[in-house]
Amino acid sequence: MAERMAYFGLSINMVAFMFYVMHRPFSSSSNAVNNFLGISQASSVLGGFLADAYLGRYWTIAIFTTIYLLGLTGITLCATVHTLVPNQDQCSELALLVGNCEPAKPWQMIYLYAVLYVTGFGAAGIRPCVSSFGADQFDERSSDYKSHLDRFFNFFYLSVTIGAIIAFTAVVYVQMKLGWGFAFGSLALAMGISNMVFFLGTPLYRHRLPGGSPLTRVAQVLVAAYKKRKAEFSRSELIGLYEVPGKQSAVKGSGKIAHTDDFRCLDKAALQLKEESADPGPWRLCTVTQVEEVKILLKLIPIPACTIMLSVLLTEYLTLSVQQAYTLNTHMGKLKLPVTCMPVFPGLSIFLILSLYYSTFVPLSRRITGHPHGASQLQRVGIGLAVSILSVAWAAIFERYRRNYAIRQGYEASFLSAMPNLSAYWLLIQYCLIGIAEVFCVVGLLEFLYEEAPDAMKSIGSAYAALAGGLGCFAASILNSIIKSITGSSEKPSWLSQNINTGRFDYFYWLLTVLSVINFGVFLYCAHRYEYRTEQVVQMEKQALPNIKEQPPSG
């Protein structure tokens with residue numbers, strides 16, 4: 001909750017901070033924030049690797065939350081120490097619009113980028129490990145394990161959502177009333193308290209032992225398979241596929257994994273030939289379990305890859321929809337909501353959906369699908385992707401209406417002036433739809449990756465989801481740059497012009513709609529072909545594996 005509070009608190013406030021305080025244009029500010037979002041998620045692969053290979057999830061979380069706290073402290077100092085920001089004298093709104101305010105010095109921007117990206121790097125050990133470490137606390141031998149795990153991941157995402165809601169409301173309120181220093185300081189304070197609570201729980205935790213470097217095991221399989229690429233499965237010199245005896249595998253912290261026929265070329269890494277020495281070494285002969293780990297990692301890739309597009313939409317909404325809201329009336333009765341509070345509504349819709357999930361959605365969907373949990377993990381991901389298409393399509397329709405209205409009413413040049421007769425609450429439709437899409441897609445994906453990943457690679461599996469989110473952030477930045485360069489010229493503004501009323505955000509939203517439809521089609525194909533591990537695995541203690549010869553480990 002604290003990490004997501006900081007994540008969204010920075011993502012929504014940092015664009016405004018860079019524009020109003022550091023005097024940077026919206027476009028470069030948005031790209032810097034998108035890069036921060038990308039680092040926060042893409043670096044999760046490193047955190048997942050360290051957790052599975054060496055540190056374990058507990059120590060990975062402990063180290064990286066401390067790094068995160070240091071980064072937030074540095075950002076707080078940037079907002080409170082006057083020498084770290086440019087001169088604010090004689091910098092009115094008009095001066096900001098025409099670019100006459102004193103820009104931040106290069107060293108000031110270097111400092112801000114450094115502490116911002118250190119904060120993003122701190123998420124490397126939080127994103128892939130917190131959900132997995134929480135799931136580790138349940139005993140997989142329990143009869144209620146599946147239902148407890150399902151409820152845990154929903155509760156986990158509910159906590160994440162509460163953090164986002166606080167960021168979009170309380171933190172924004174603190175910023176308006178007390179200033180940037182107090183706003184960023186509140187994020188650091190929350191992370192500090194969460195660290196203290198986490199450490200207080202130390203005596204209670206269950207720990208899954210790190211199983212050694214997963215990347216080394218993957219590399220060993222690839223190298224061994226390459227060395228035996230010319231070997232034939234039908235050779236008379238073939239002894240069989242190698243596996244150690246007993247119930248436990250050679251991989252620490254992992255049970256044995258049954259052999260499958262997928263990616264047969266990788267099976268050559270486990271081919272045991274008569275001509276080989278008694279101890280050929282792990283770079284020439286791997287166990288079946290080790291080979292199957294690599295197969296599972298490869299088979300998982302297409303599913304999180306299909307969620308990159310959802311991350312692109314979420315990233316674009318964080319910046320583009322705020323620019324839309326600046327031109328709209330944000331009054332709710334006598335209450336005027338700050339523009340930066342608008343993204344709270346996806347969080348509220350997520351909160352509502354999660355609250356009603358077990359009482360409403362599960363019973364209704366169970367009647368349709370017959371699935372005990374209402375819908376399978378991949379079905380929930382698919383529902384999320386389908387709803388995201390509706391969200392971005394509505395965003396395109398409303399943006400076209402908003403732009404035409406602004407031009408008719410004479411607001412074409414006033415892109416920071418609110419139009420009193422056009423309510424910002426039309427944005428709630430796209431916000432609520434994307435919130436529903438996020439809860440179905442992300443919760444289903446997290447549960448899917450945790451259950452399907454190999455025992456000794458659970459953090460790497462969870463890191464897939466964060467990596468997909470990070471790639472979506474980077475993809476959003478690249479897409480924005482491409483669109484600006486292709487559609488903009490000296491004669492006409494680009495689709496993503498800083499003046500939203502002369503740009504064509506509606507065209508951009510339609511482009512995102514088309515990309516989302518294509519992505520959904522690819523997901524349907526991948527999901528149809530995917531076979532859950534529970535459908536593939538045959539209990540090894542009940543049935544001997546064909547063509548697999550168990551031999552004691554040498555030495």
Side-chain angles (χ1 to χ4, degrees), residues 45-46 48-56 208-302 452-461 463-464 467 531 533 536-541 543-555:
V45 175
L46 173 63
F49 167 74
L50 291 175
D52 284 338
Y54 304 112
L55 300 177
R208 188 184 292 272
L209 294 175
S213 172
L215 295 185
T216 300
R217 297 201 301 275
V218 170
Q220 287 172 344
V221 170
L222 297 179
V223 170
Y226 178 78
K227 288 180 178 179
K228 299 179 184 177
R229 63 191 182 278
K230 294 182 180 179
E232 298 293 338
F233 290 102
S234 58
R235 288 176 58 179
S236 59
E237 298 88 353
L238 175 66
I239 296 177
L241 297 178
Y242 174 68
E243 184 59 278
V244 296
K247 294 184 178 180
Q248 293 299 315
S249 73
V251 180
K252 185 166 61 175
S254 173
K256 287 184 177 179
I257 304 177
H259 174 259
T260 63
D261 291 330
D262 301 313
F263 301 107
R264 289 284 289 168
C265 59
L266 295 178
D267 284 337
K268 294 184 178 182
L271 277 179
Q272 192 170 19
L273 306 176
K274 293 179 181 178
E275 64 194 39
E276 289 180 328
S277 63
D279 185 14
W283 293 93
R284 184 164 182 84
L285 181 63
C286 304
T287 65
V288 169
T289 294
Q290 195 174 338
V291 172
E292 291 301 320
E293 282 186 328
V294 180
K295 290 183 182 181
I296 291 170
L297 290 180
L298 290 175
K299 287 187 286 187
L300 288 178
I301 288 175
E452 295 296 303
D455 292 342
M457 296 184 177
K458 296 294 186 184
S459 295
I460 291 289
Y464 271 11
L467 177 61
E531 236 183 311
R533 283 181 64 189
Q536 287 184 330
V537 175
V538 178
Q539 295 292 335
M540 295 188 66
E541 62 270 17
Q543 180 178 342
L545 291 174
N547 201 35
I548 294 181
K549 183 178 181 65
E550 290 190 347
Q551 295 203 356
S554 58

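If you read the sequence from its start, that first residue is 1, and numbering goes on from there. This one's a predicted model, so the numbers in the text were calculated from it and none came from an experiment.
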*Asks:* For Thr289, which of His259, Glu243, Arg217 qualifies under side chain to side chain donor-acceptor pair (under 3.5 Å)?
*Replies:*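 The single option meeting the side chain to side chain donor-acceptor pair (under 3.5 Å) with Thr289 is Glu243.
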*Asks:* Does any part of the side chain of Asp267, heavy atoms only, come nearer than 4.5 Å to the side chain of Lys295, both counted from C-beta?
*Replies:* yes
*Asks:* Taking the side chain as every heavy atom from C-beta outward, state whether Glu293 and Val218 have any atom pair closer than 4.5 Å.
*Replies:*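 The answer is no; the side chains never approach within 4.5 Å.
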*Asks:* CG/Asp262 to CD/Glu531 distance, rounded to the nearest 0.5 angstrom?
*Replies:* 7.5 Å
*Asks:* Can you confirm whether Thr216 sits close enough to Trp283 that some side-chain heavy atom of one is under 4.5 Å from a side-chain heavy atom of the other?
*Replies:* yes
*Asks:* Side chains of Lys228 and Arg284: does their closest heavy-atom pair fall under 4.5 Å?
*Replies:* yes
*Asks:* Is it true that atom CZ of Phe263 has more than 12 heavy atoms of other residues, nucleotides or ligands lying nearer than 6.0 Å?
*Replies:*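 Yes, because the 6.0 Å sphere around CZ of Phe263 holds more than 12 heavy atoms from other groups.
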*Asks:* Would a distance-only check, ignoring hydrogens and angles, find a side-chain to backbone donor-acceptor pair under 3.5 Å from Glu452 to Ile296?
*Replies:* no
*Asks:* Looking at every heavy atom in both Ile257 and Pro454, which two are closest together, and how far apart are they?
*Replies:*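 Scanning both residues completely, I find the closest heavy atoms to be CD1-CB, 4.4 Å.
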*Asks:* With the side chain counted from C-beta on, respond yes when Leu298 and Leu266 share a heavy-atom pair under 4.5 Å apart, and no when they do not.
*Replies:*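 Result yes, sub-4.5 Å side-chain heavy-atom pair found.
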*Asks:* Lys268: which residues meet the salt bridge (Lys or Arg N to Asp or Glu O under 4.0 Å) condition with it, sequence neighbours left out?
*Replies:*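 Partners of Lys268 by the salt bridge (Lys or Arg N to Asp or Glu O under 4.0 Å) criterion come out as none, since no residue qualifies.
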*Asks:* Within the side chain of Gln272, is there an N or O that forms a donor-acceptor pair under 3.5 Å with the backbone of Leu285?
*Replies:*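 Judged by distance alone, no pair lies under 3.5 Å.
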*Asks:* Applying side chain to side chain contact (heavy atoms under 4.5 Å, CB included), can you list everything that pairs with Ala269, at least two apart in sequence or on another chain?
*Replies:* Val221, Ala224, Ala225, Cys286, Val291
